[in-house]
Engineer: 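Right, I'll just put the structure down here and ask away after.
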Amino acid sequence: MVVRVYRYPEDVSFACALLIAAQVTQKPDSVLGLATGSSPIGTYQQLVKWHQEGKLDFSQAISFNLDEYAGLPESNPNSYHSFMREQLFQSINMKASYLPNGNAKDMAEEGKRYDAQIKEKGGIDLQLLGIGRNGHIGFNEPAEDFAYGTSLVDLTPSTIDANKRFFEKEEDVPRKAISMGIGTIMEAKKIVLIAMGQDKAEAVLGAVQGKVSPGMPASILQMHPNAVILCDEAAAGLL
Ligand code: F6R
């Protein structure tokens with residue numbers, strides 16, 4: 001695991017966008033794994049800028065997102081389908097983009113279908129991750145075991161609390177999501193995790209220097225042969 005510390009959050013976004021741009025430039029038909037949340041917004045803005053300037057072409061690339069809320073219509077402004085459309089897909093020319101279906105009747109089947117689809121497309125070349133304050137990646141919350149494949153998960157009170165900023169009322173925050181599993185994430189050829197701000201410092205410490213344990217899901221990245229963590233000074237403050 002490589003850790004790179006940048007002074008400001010914008011530097012993290014820029015460095016992350018550079019890695020994604022390099023990936024797509026070197027392998028135009030890349031399979032990208034994408035994340036939602038606040039952390040990747042600056043990265044997506046930079047990618048959109050380069051695309052609009054004619055410097056970056058996604059026409060052969062495809063993407064798979066990490067997760068989606070369960071039971072929220074795709075058209076809901078808080079769904080991850082809506083987020084990705086607004087932040088990225090409507091402004092670039094990605095060949096195809098996939099998210100898990102949070103409204104599938106049988107979530108176990110949907111998880112299997114999603115993992116099979118990723119494999120069929122050749123596997124993820126570069127997976128972008130944020131990190132939860134509790135160390136979650138995707139919506140793999142701290143638990144007794146690592147979940148292998150994509151599945152329906154219960155969100156923890158800490159995650160519900162962190163996500164309520166996007167909703168009108170806390171009761172509106174979905175309690176469940178469908179998320180790529182740790183196995184799905186670890187099968188990516190390269191992983192880039194970004195973390196900004198002091199409230200991520202403990203999670204970054206656990207991910208980088210903690211014991212590898214399902215109680216700190218991001219710690220599994222220590223076992224990945226090609227994982228890089230990009231963080232600002234605030235998020236790296238406890239290292
Ligand atoms: C998002 C995701 C989550 C977020 C994490 C950090 O698709 O899977 O793991 O990356 O909750 O969220 P932000 O970036 O909003 O702090």
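Whatever order the structure lists ligands and atoms in, that order sets their numbers, starting from 1. Remember, it's a predicted structure, so these values are computed and weren't measured experimentally.
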Engineer: Please list, by chain and number, the protein residues whose heavy atoms come under 4.0 Å of ligand 1.
Structural biologist: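 Ligand 1 is contacted, at a heavy-atom distance under 4.0 Å, by Ala35, Thr36, Gly37, Ser38, Ser39, Leu66, Asp67, Gly130, Ile131, Gly132, His136, Gly138, Arg165, Lys200.
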Engineer: Is any side-chain N of the basic residue among Asp161 and Lys164 closer than 4.0 Å to the acidic one's carboxylate O?
Structural biologist: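 Result for this pair is yes, salt bridge flagged.
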Engineer: For Lys176, what residues pass the side chain to side chain donor-acceptor pair (under 3.5 Å) criterion, not counting sequence neighbours?
Structural biologist: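 Checked Lys176 against side chain to side chain donor-acceptor pair (under 3.5 Å); matches are Asp154.
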Engineer: For atom CZ of Arg165, decide whether the heavy atoms of other residues, nucleotides or ligands shown that lie under 6.0 angstrom number more than 12.
Structural biologist: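 Counting other residues, nucleotides and ligands, CZ of Arg165 exceeds 12 neighbours.
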Engineer: Identify whether the distance between the nearest side-chain nitrogen and carboxylate oxygen of Asp29 and Lys95 falls below 4.0 Å.
Structural biologist: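 No, Asp29 and Lys95 are not salt-bridged.
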Engineer: Given a cutoff of under 4.5 Å between side-chain heavy atoms of I, L, V, M, F, W and Y, with clusters grown through shared members, what are the other residues clustered with Ile178?
Structural biologist: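 Ile178 clusters with Met107, Leu152.
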Engineer: Tell me every residue that passes side chain to side chain donor-acceptor pair (under 3.5 Å) with Asn134, counting only those two or more places apart in sequence or in another chain.
Structural biologist: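 Side chain to side chain donor-acceptor pair (under 3.5 Å) check on Asn134 returns His136, Glu141, Thr156.
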